[in-house]
Amino acid sequence: RYKGYIQGLKSNNIEYKNELYLASSDGNNIESEIIKLTSDNKIDAIICMEPENTVSTHSLILNLGYKIPNDIAVLGFTDGPMYKFIKPSITSVNQHGEYLGKYSAKILLDRINNKLGENFIDEKVPTSLIIRDST
């Protein structure tokens, strides 16, 4: 995801700024980081990698008085039912978890049955953008 983010910036001639990338694996510091980013009016969109951080960020942005998507757009990964019921509903990248699970199980079984040999498999996961009200 990070590499895709960097490539997306490059493809659109946008300079990468390290201070705009938050590598937060837990929700403990997300509030202070979002407040810091929004206080300088540096951002117009936030892309979240985990559903919990997406919902927390969405709520925090609204509680800070910003309008989604007019002031700050919000996008999350892994589409789930909660994204469509939150207001405004959250745009997401659907990673097609069912397909990924079935494909992974097939690879595992093929590996167990020695159908793949020693080679690693490098596969791009199909995704789709579910556009909702937050962008």
Side-chain angles (χ1 to χ4, degrees):
R1 291 177 186 168
Y2 178 75
K3 287 178 184 178
Y5 168 71
I6 298 298
Q7 184 58 45
L9 292 174
K10 282 182 184 178
S11 297
N12 290 282
N13 297 316
I14 299 172
E15 178 187 354
Y16 172 80
K17 295 180 182 175
N18 192 50
E19 68 271 13
L20 298 179
Y21 178 78
L22 305 177
S24 175
S25 60
D26 61 26
N28 293 334
N29 68 340
I30 194 165
E31 185 172 350
S32 62
E33 294 293 334
I34 296 295
I35 289 171
K36 186 168 86 174
L37 284 175
T38 57
S39 67
D40 294 340
N41 293 320
K42 291 183 188 180
I43 60 171
D44 58 4
I46 297 177
I47 302 171
C48 301
M49 301 299 163
E50 291 89 25
E52 294 80 14
N53 282 348
T54 304
V55 173
S56 298
T57 298
H58 181 278
S59 178
L60 179 60
I61 293 297
L62 292 174
N63 288 340
L64 289 171
Y66 294 97
K67 292 183 177 19
I68 298 173
N70 297 348
D71 299 326
I72 300 174
V74 177
L75 179 131
F77 274 79
T78 65
D79 189 54
M82 68 180 146
Y83 285 175
K84 61 183 154 185
F85 296 115
I86 293 171
K87 298 298 177 201
S89 58
I90 299 175
T91 295
S92 64
V93 175
N94 187 339
Q95 297 175 292
H96 305 287
E98 186 174 338
Y99 164 83
L100 185 59
K102 286 179 183 178
Y103 188 69
S104 298
K106 180 189 178 315
I107 291 172
L108 177 61
L109 291 172
D110 286 349
R111 177 84 58 205
I112 289 170
N113 294 317
N114 293 319
K115 293 181 180 178
L116 297 177
E118 298 287 322
N119 298 328
F120 286 98
I121 296 174
D122 185 11
E123 183 77 24
K124 291 189 180 190
V125 177
T127 61
S128 54
L129 186 62
I130 310 296
I131 299 174
R132 296 197 179 97
D133 297 332
S134 69
T135 57

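Starting from 1, each residue takes its place in the sequence as its number. FYI, side chains are in, hydrogens and waters are out, and symmetry mates aren't considered; it's all heavy atoms of this structure. These numbers were taken from a predicted model, which means no experiment stands behind them.
Applying the ring-ring contact (aromatic ring centres under 6.0 Å, His included) rule to Tyr2 yields the partners Tyr21; only residues at least two apart in sequence or on another chain are considered. In terms of the side chain to side chain donor-acceptor pair (under 3.5 Å) criterion, Lys10 has no residue partners (sequence neighbours excluded). Remark: Lys102 pairs with Glu98 by the side chain to side chain donor-acceptor pair (under 3.5 Å) rule, at least two apart or across chains. With sequence neighbours excluded, the residues that form a side chain to side chain donor-acceptor pair (under 3.5 Å) with Asn18 are Tyr16. Under the salt bridge (charged side-chain N to carboxylate O under 4.0 Å, His left out) criterion, Lys87 pairs with no residue, sequence neighbours left out. For Thr91, the side chain to side chain donor-acceptor pair (under 3.5 Å) test picks out Thr135, with sequence neighbours left out. Partners of Glu15 by salt bridge (charged side-chain N to carboxylate O under 4.0 Å, His left out), not counting sequence neighbours: none found. Residues satisfying the salt bridge (charged side-chain N to carboxylate O under 4.0 Å, His left out) test with Asp71, not counting sequence neighbours, are none. Every residue meeting the salt bridge (charged side-chain N to carboxylate O under 4.0 Å, His left out) condition with Glu33, not counting sequence neighbours, appears here in chain and number order: Lys36.
In this structure, CG in Asn12 is found 9.5 Å from CD in Gln7, a value given to the nearest 0.5 Å. To the nearest 0.5 angstrom, Ile131 atom CD1 is 10.0 Å from Ser92 atom OG. Thr54 OG1 to Met49 CE: the interatomic distance, rounded to the nearest 0.5 Å, is 9.0 Å. With rounding to the nearest 0.5 angstrom, the CD1 atom of Ile34 is 6.0 Å from the CD1 atom of Ile43. Note that CD1 of Ile61 and OG of Ser56 are 11.5 Å apart. Values are rounded to the nearest 0.5 Å.
Ile72 and Ile47 fall into different hydrophobic clusters, defined by Ile, Leu, Val, Met, Phe, Trp and Tyr side-chain heavy atoms under 4.5 Å apart, directly or through other members. Hydrophobic clustering (ILVMFWY, side-chain heavy atoms < 4.5 Å, transitive): Leu109 and Ile107 are in distinct clusters. Under a hydrophobic clustering in which Ile, Leu, Val, Met, Phe, Trp and Tyr are joined whenever their side-chain heavy atoms come within less than 4.5 Å, directly or via other members, Ile121 and Val125 fall into different clusters. Both Leu20 and Ile35 are part of a single hydrophobic cluster, where members link through side-chain heavy atoms under 4.5 Å apart. Hydrophobic clustering (side-chain heavy atoms under 4.5 Å, transitive across Ile, Leu, Val, Met, Phe, Trp, Tyr) groups Ile68 together with Tyr66.
Heavy-atom minimum distance, Pro69 versus Ser134: CB-O, 3.3 Å. Taking each heavy atom of His58 and Ile86 in turn, the nearest pair found is CE1-CG2, 3.1 Å. Scanning all heavy atoms of the two residues, the minimum distance from Gly76 to Tyr83 falls at CA-OH, 4.1 Å. Between Met82 and Pro51 the shortest heavy-atom distance is CE-CB, 3.5 Å.
For the pair Val55/Cys48, no side-chain contact is recorded, criterion being any heavy-atom separation below 4.5 Å from C-beta on.
At least one donor-acceptor pair closer than 3.5 Å links the side chain of Ser104 to the backbone N or O of Leu100. When atom types are taken as modelled, the side chain of Thr127 and the backbone of Val93 share no donor-acceptor pair closer than 3.5 angstrom. Side chain of Ser89 to backbone of Phe85: no donor-acceptor contact under 3.5 angstrom is found.
Counting only residues at least two apart or on different chains, no ring-ring contact (aromatic ring centres under 6.0 Å, His included) pair has a member in residues 114-135. Here salt bridge (Lys or Arg N to Asp or Glu O under 4.0 Å) pairs that include residues 126-135, with residues two or more places apart or in two chains, are Asp79-Arg132. Legend: salt bridge (Lys or Arg N to Asp or Glu O under 4.0 Å) pairs involving residues 103-114, not counting sequence neighbours, sorted by first then second residue: Lys106-Asp110.
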